[in-house]
Q: 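For reference, the structure I am asking about is given below.
Here the structure is a predicted model, which means the values were calculated and not measured. Just so it is clear, the values below take in all heavy atoms, side chains as well, and ignore hydrogens, waters and symmetry mates. Proteins get letters first, then strands, A, B, ... in listed order; numbering begins at 1 in each.
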Protein chains: 2
Amino acid sequence: MAINSRFAVGVHILSLLEINKGGRNTSDYIAGSVNTNPVVVRRIMSMLSKAGLVLTSPGVAGATLARPIGEITLHDVYKAVRDDDADPLFAVHDKPNPDCVVGKNIQGALETSFNQAQAAMENELAGVTLDTVIRSILQQES
Amino acid sequence: MAINSRFAVGVHILSLLEINKGGRNTSDYIAGSVNTNPVVVRRIMSMLSKAGLVLTSPGVAGATLARPIGEITLHDVYKAVRDDDADPLFAVHDKPNPDCVVGKNIQGALETSFNQAQAAMENELAGVTLDTVIRSILQQES
DNA sequence: TTTTTTTGTAACAATTTTAGTTACAAATTC
DNA sequence: GAATTTGTAACTAAAATTGTTACAAAAAAA
């Protein structure tokens, strides 16, 4: 489980905002659905807000989606919930020996392949909208 | 940096075994190139060995590749260095509220998309052989 | 054959990451 | 004015990651 659950929780939150659109989606209520602490929800909600995916106001209960569900992709959420948006999927040991041919060049040699693999993954996520996820949730229910 | 550096170190080790084929590739020597502790190298080497990518013997210095470099992919290494080969790339919160429509179905709804994204990433890795990596290392050197 | 070297692995430690919790100011609602 | 809610900081607990120490078993070297 290399990618932390903030991503899945982020999708959960957005799905709930849509499905429970009429209701009062406080962090407390959402936390009850996710089964976690309200502060964890607010923390992730804050990231979604900074990424422009949801609209919130201090003191005002709930949040609303900033865009139609067909225009929010899993990739948008993936990027939104990362601490450092630049940090790569694959870690590389940071101080290989520069006096060794392999040590000196391994980082550069891996960069291209690792970037391609990450891009392929992100591209798949970009092809899935919140709409699809919500449809799947509701379909399983019926 | 979601995927730990054992993967990159694994590729480093295999590359070094090939490039320094004539030499004496003890865990101590390899550790010097990676810039880590020899035990860390032996631990990863053990995983590579169990995956059938290298051949080693207790007490005998060094290791050799079990297959030609054109027949070892980054995906082989990726799978080799994972603790639990089954554990997925994307973590999902494990106890969402079953009394909520979203909580009850979010795991199933995410499974398909997450699996596809992971498969796309692994597929890219499967398209890169150790041969390509080594070529890149040597090319950067010249 | 004795000594040294090396692998393989267990046990432990240090550091970092992740998730959860407490606390509280600021804004809004009741 | 009292109660509720967001937003955020600070802290705690647990887990993962990486590095280290220790040592048996096997092989190589002396």
Q: Which residues in residues 96-111 of chain B have a heavy atom closer than 4.0 Å to any atom of DNA chain C?
A: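 Heavy-atom contacts with DNA chain C come from no residue of residues 96-111 of chain B; none.
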Q: Which whole-number value in Å describes the distance from Ile13(B) CD1 to dT18(D) C1'?
A: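 Rounded to the whole Å, the gap is 14 Å.
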Q: Going by side-chain hydrogen bond (donor to acceptor under 3.5 Å, both in side chains), name the residues that satisfy it together with Gln118(B), two or more places apart in sequence or in a different chain.
A: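 Only Glu122(B) meet the side-chain hydrogen bond (donor to acceptor under 3.5 Å, both in side chains) criterion with Gln118(B).
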Q: So, OP1 or OP2 of dT18(D): does either fall under 4.0 Å of a side-chain N or O from Lys95(A)?
A: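 No, no such contact exists.
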Q: Please report, rounded to the nearest Å, how far the P atom of dT17(C) is from the CD1 atom of Ile3(A).
A: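 For the pair Ile3(A) CD1 and dT17(C) P, the rounded distance is 16 Å.
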Q: In whole angstrom, what separates Ile44(B)'s CD1 from dG19(D)'s C1'?
A: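 Value for this atom pair: 11 Å.
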Q: Please identify each residue that fulfils side chain to side chain contact (heavy atoms under 4.5 Å, CB included) with Asp99(A), with sequence neighbours left out.
A: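 Here the qualifying residues are Asn97(A).
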Q: Can you tell me how far apart OG1 (Thr36(B)) and CD1 (Ile30(B)) are? Round to the nearest 0.5 Å.
A: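 If we round to the nearest 0.5 Å, Thr36(B):OG1 and Ile30(B):CD1 are 12.0 Å apart.
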Q: Can I get a per-line list of side-chain donor-acceptor pairs under 3.5 Å for residues 38-49 of chain A, giving both atom names and the distance, sequence neighbours left out?
A:
{"from": "Arg42(A)", "atom 1": "NH1", "to": "Ser27(A)", "atom 2": "OG", "distance (Å)": "2.9"}
{"from": "Ser46(A)", "atom 1": "OG", "to": "Lys50(A)", "atom 2": "NZ", "distance (Å)": "3.4"}

Q: Using OP1 and OP2 only, check whether a side-chain N or O of Ser46(A) sits under 4.0 Å from dT8(D).
A: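 Yes, within the criterion.
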Q: What is the separation between atom CG on Asn25(B) and atom C1' on dT7(C), rounded to the nearest whole Å?
A: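 My rounded result for the distance is 14 Å.
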Q: Is the phosphate of dT17(D), meaning OP1 or OP2, less than 4.0 Å from a side-chain N or O of Ser5(B)?
A: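 No, no such contact exists.
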Q: dT18(C) C1' sits how many Å from Asp94(B) CG, rounded?
A: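 Taking atom C1' of dT18(C) as the reference, CG of Asp94(B) is at 13 Å.
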Q: With respect to the phosphate group of dG7(D), does any side-chain polar atom (N or O) of Thr56(A) fall under 4.0 Å of OP1 or OP2?
A: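 Yes, such a contact exists.
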Q: I want to check one thing: is the phosphate of dT5(C), taken as OP1 and OP2, less than 4.0 Å away from some side-chain N or O of Thr26(B)?
A: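 For dT5(C), neither OP1 nor OP2 has a side-chain N or O of Thr26(B) closer than 4.0 Å.
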Q: dT17(C) C1' sits how many Å from Asp83(A) CG, rounded?
A: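 For the pair Asp83(A) CG and dT17(C) C1', the rounded distance is 9 Å.
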Q: Nearest whole Å is fine: how far is dT6(C) P from Tyr29(B) OH?
A: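 Atom OH in Tyr29(B) sits about 14 Å away from atom P in dT6(C).
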Q: Show me the side-chain donor-acceptor pairs of residues 10-21 of chain B shorter than 3.5 Å, one per line, residues at least two apart or across chains.
A:
{"from": "His12(B)", "atom 1": "ND1", "to": "His93(A)", "atom 2": "NE2", "distance (Å)": "2.9"}
{"from": "His12(B)", "atom 1": "NE2", "to": "Ser33(B)", "atom 2": "OG", "distance (Å)": "2.8"}
{"from": "Ser15(B)", "atom 1": "OG", "to": "Val11(B)", "atom 2": "O", "distance (Å)": "2.8"}
{"from": "Glu18(B)", "atom 1": "OE2", "to": "Lys21(B)", "atom 2": "NZ", "distance (Å)": "3.0"}
{"from": "Asn20(B)", "atom 1": "ND2", "to": "Asn25(B)", "atom 2": "OD1", "distance (Å)": "2.7"}

Q: Salt bridge (charged side-chain N to carboxylate O under 4.0 Å, His left out) with Asp83(A): which residues, sequence neighbours excluded?
A: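 Salt bridge (charged side-chain N to carboxylate O under 4.0 Å, His left out) list for Asp83(A), sorted by chain: Arg6(A).
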Q: Can you measure Leu17(B) atom CG to dT7(C) atom P for me and round it to whole angstrom units?
A: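 Rounded to whole Å, this separation is 11 Å.
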Q: Would you compute the distance between atom CZ of Phe114(B) and atom CE of Met121(A) and round it to the nearest 0.5 angstrom?
A: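 Here the interatomic distance stands at 10.0 Å.
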Q: By nearest atom, which of the nucleotides dT4(D), dT6(C), dA19(C) is closest to the Arg24(A) side chain?
A: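 Per side-chain heavy atoms of Arg24(A), the pick is dT4(D).
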Q: Partners of Asp131(B) by side-chain hydrogen bond (donor to acceptor under 3.5 Å, both in side chains), sequence neighbours excluded?
A: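 side-chain hydrogen bond (donor to acceptor under 3.5 Å, both in side chains) check on Asp131(B) returns Arg135(B).
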Q: Test of understanding: with side-chain hydrogen bond (donor to acceptor under 3.5 Å, both in side chains), list the residues that count as partners of Arg67(A), not counting sequence neighbours.
A: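 With neighbours one apart ignored, the set is Asp76(A).
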Q: Reading nucleotides 20-27 of chain D 5' to 3', which nucleotides get B (base under 4.0 Å from a protein heavy atom), which S (sugar-phosphate only), which -?
A: BBB---BS
